[in-house]
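Labels below follow one simple rule: chain letters A, B, ... track the order of the sequence lines, proteins then strands, and each chain is numbered from 1.
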Protein chains: 2
Amino acid sequence: MKLKLNKQSWLKHGLTELSQNGSEALKADRLAKSLKVSRGSFYWHFADLVDFHEHLLAYWQEMVTQQVINDVDLLHDSQSKVRELVRHAFAGDVRLERAMRSWSAQNKMASDATEIVDNKRIDYLTNLLVAEDIAPTTARARAAFLYWAYLGQAMTRASSSEYLPDTALDEIIDLFLMPSAEIAGTKTI
Amino acid sequence: MKLKLNKQSWLKHGLTELSQNGSEALKADRLAKSLKVSRGSFYWHFADLVDFHEHLLAYWQEMVTQQVINDVDLLHDSQSKVRELVRHAFAGDVRLERAMRSWSAQNKMASDATEIVDNKRIDYLTNLLVAEDIAPTTARARAAFLYWAYLGQAMTRASSSEYLPDTALDEIIDLFLMPSAEIAGTKTI
DNA sequence: AGACAGCCATACAGTTGTGTATGGTTGGGG
DNA sequence: CCCCAACCATACACAACTGTATGGCTGTCT
């Protein structure tokens with residue numbers, strides 16, 4: 001007997017192919033070929049490409065939000081969470097993130113999905129900074145900025161460590177953990 | 001008489017289409033249609049798609065490097081340059097940047113081009129920070145981080161002002177202009 | 001005026017992908 | 001045992017795009 005596929009099999013394989021070969025790999029044709037089945041299987045599980053893409057994006061959203069909870073949310077104090085979150089982000093594998101982002105620039109559905117994820121992530125980080133007694137508006141701006149830096153780093157080809165060794169990253173995290181008041185004092189040197 | 005096209009016409013139009021419709025618009029077929037000519041013209045000016053893409057990337061590199069020089073390099077003190085550079089980056093139109101970045105995630109040639117531009121930009125910013133008496137390694141890390149934040153912001157759909165009003169951006173610029181020594185002192189509050 | 005270079009249209013063959021229709025295989029419940 | 005549901009293969013018609021071959025038009029130089 002040949003082991004049969006289900007929706008999940010296709011979705012998993014979809015994300016793998018996306019991260020390795022970009023959004024152009026998300027075609028019924030190529031996916032079937034790399035799974036060594038015919039497109040007949042694909043069109044049994046999904047109505048069409050749009051249907052598949054919708055399921056794939058939902059699957060991705062579920063995955064990335066679950067991931068954060070597993071990785072950092074069980075730590076107790078918020079400062080540790082921030083450090084762990086940022087370190088983890090800048091050390092992790094960014095291929096899927098980059099591919100998804102690249103796809104979003106060309107596809108409305110993907111763009112909607114990433115926008116939701118973006119907001120969730122920034123909100124989460126904002127709350128951590130607020131818990132560190134940083135004023136809410138400042139916290140929100142810093143959170144966005146930190147998150148954007150992660151995203152930008154994910155979009156560049158060079159590894160982050162090339163520009164940003166661990167100690168330098170810690171220094172920058174320190175900057176973002178500084179109380180809002182301190183800045184005005186040291187502003188005009 | 002119909003006004004004839006040259007290489008430059010195609011390249012300009014290429015960048016416009018790229019920024020508005022993504023890298024999928026960079027096909028001989030579509031470009032010709034939106035220029036209201038036949039593909040015959042395209043294949044007269046360019047050997048094939050790869051040839052066109054090469055010229056387009058070279059044209060883009062030339063454009064973006066020239067742009068920075070015009071915009072900020074004529075200011076005198078380095079602190080003003082940093083502020084002007086960052087403000088300008090976060091206020092400007094990012095569609096072309098996003099489209100180019102998205103293309104880079106799928107295309108080796110585009111990836112090479114953006115890598116070169118990335119390095120140039122980070123180097124330029126690093127030098128400005130060093131001129132502000134920030135230690136070279138710290139300056140390099142901060143420059144990269146600042147640049148990544150710009151890139152990340154460019155990749156998100158939300159306008160930057162939504163999260164980052166002008167005053168908040170200035171506060172963050174202050175953080176990155178802080179002398180390296182100050183941090184250790186205020187670190188453990 | 002004639003010739004030539006520059007520019008473009010049209011037509012053709014080939015490739016890659018879509019979606020559908022139809023029929024084949026396999027495993028488990030009545 | 002048989003039948004139905006789940007799953008897959010094959011074949012077809014269609015669309016988008018590539019690159020090439022060929023010929024037509026136009027302005028300029030001699």
Side-chain angles (χ1 to χ4, degrees), chain A residues 1-59 99-100 102-110, chain B residues 1-59 99-100 102-110:
Chain A
M1 65 156 271
K2 311 169 186 178
L3 31 93
K4 301 187 172 185
L5 304 175
N6 53 22
K7 266 190 159 86
Q8 176 110 356
S9 317
W10 282 97
L11 296 178
K12 272 188 155 178
H13 187 246
L15 285 190
T16 307
E17 285 294 307
L18 173 61
S19 82
Q20 287 178 6
N21 300 102
S23 59
E24 290 187 6
L26 295 182
K27 320 218 166 178
D29 199 348
R30 298 197 186 184
L31 292 172
K33 213 164 271 174
S34 47
L35 269 182
K36 297 185 200 298
V37 292
S38 75
R39 288 179 308 120
S41 171
F42 180 89
Y43 282 103
W44 195 89
H45 291 289
F46 304 97
D48 51 20
L49 266 184
V50 169
D51 182 39
F52 173 69
H53 290 161
E54 277 172 358
H55 280 85
L56 191 71
L57 289 168
Y59 183 62
M100 188 62 76
S102 165
W103 188 22
S104 297
Q106 308 175 325
N107 183 284
K108 178 78 170 67
M109 272 163 36
Chain B
M1 68 156 270
K2 313 169 187 180
L3 31 91
K4 301 187 173 185
L5 305 174
N6 52 23
K7 267 190 158 86
Q8 176 109 357
S9 317
W10 281 97
L11 296 178
K12 273 187 155 179
H13 187 246
L15 285 189
T16 306
E17 286 294 309
L18 173 62
S19 83
Q20 286 177 8
N21 301 100
S23 59
E24 290 186 8
L26 297 182
K27 319 218 168 177
D29 200 347
R30 298 197 187 185
L31 292 171
K33 212 161 271 174
S34 47
L35 269 181
K36 295 184 200 299
V37 291
S38 75
R39 288 180 307 122
S41 171
F42 180 89
Y43 283 103
W44 194 89
H45 291 291
F46 305 97
D48 50 22
L49 267 183
V50 169
D51 182 39
F52 174 70
H53 290 161
E54 278 172 356
H55 280 86
L56 192 70
L57 289 168
Y59 183 63
M100 188 63 78
S102 165
W103 187 22
S104 297
Q106 309 175 321
N107 183 285
K108 179 78 170 69
M109 273 165 35

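Considering all non-hydrogen atoms of both residues, A:A99 and A:S19 come closest at CB-CA, 4.0 Å. The shortest heavy-atom contact between B:S23 and B:Q106 is OG-OE1, 3.7 Å. Between B:H13 and B:L31 the shortest heavy-atom distance is CE1-O, 3.6 Å.
Close to D:dA6, at under 4.0 Å from its OP1 or OP2, lies no side-chain N or O of A:H45.
Distance A:E24 CD to C:dT15 C1': 15 Å, rounded to the nearest Å. The CZ-C1' distance, from A:R39 to C:dT20, rounds to 10 Å in whole Å. Look at NZ on A:K4: it is 11 Å from C1' on C:dG24, rounded to the nearest Å. A straight line from CZ of B:F42 to P of C:dG6 spans 19 Å, rounded to a whole angstrom. Between the OH atom of B:Y43 and the P atom of C:dT10 there is a distance of 17 Å, given to the nearest Å. Distance, B:K33 NZ to D:dA15 C1': 11 Å, rounded to whole Å. The interatomic distance linking B:D29 (CG) with D:dT20 (P) rounds to 16 Å, in whole Å. Put simply, NZ on A:K7 is 13 Å from P on D:dC8, counting in whole angstrom units.
Using cut-offs of 30° and 60° for the angle between ring planes, the A:W10 and A:H45 rings count as tilted.
Relative to the side chain of A:A28, the nucleotides D:dC8, C:dT18, C:dA9 differ in distance, and C:dT18 lies closest. The side chain of B:L49 lies closest to D:dT18, out of D:dC8, D:dT18, C:dC8. Closest contact between the side chain of A:K27 and the listed nucleotides D:dC17, D:dC8, C:dT18 involves C:dT18.
Sequence order on DNA chain C of the closest nucleotides to A:R30 and A:A47 puts A:R30 first from the 5' end. Looking at which nucleotide of DNA chain D each of B:D48 and A:G40 is closest to, the 5′-most match is held by A:G40.
Within a 6.0 Å sphere centred on NZ of B:K7, other residues, nucleotides and ligands contribute more than 12 heavy atoms.
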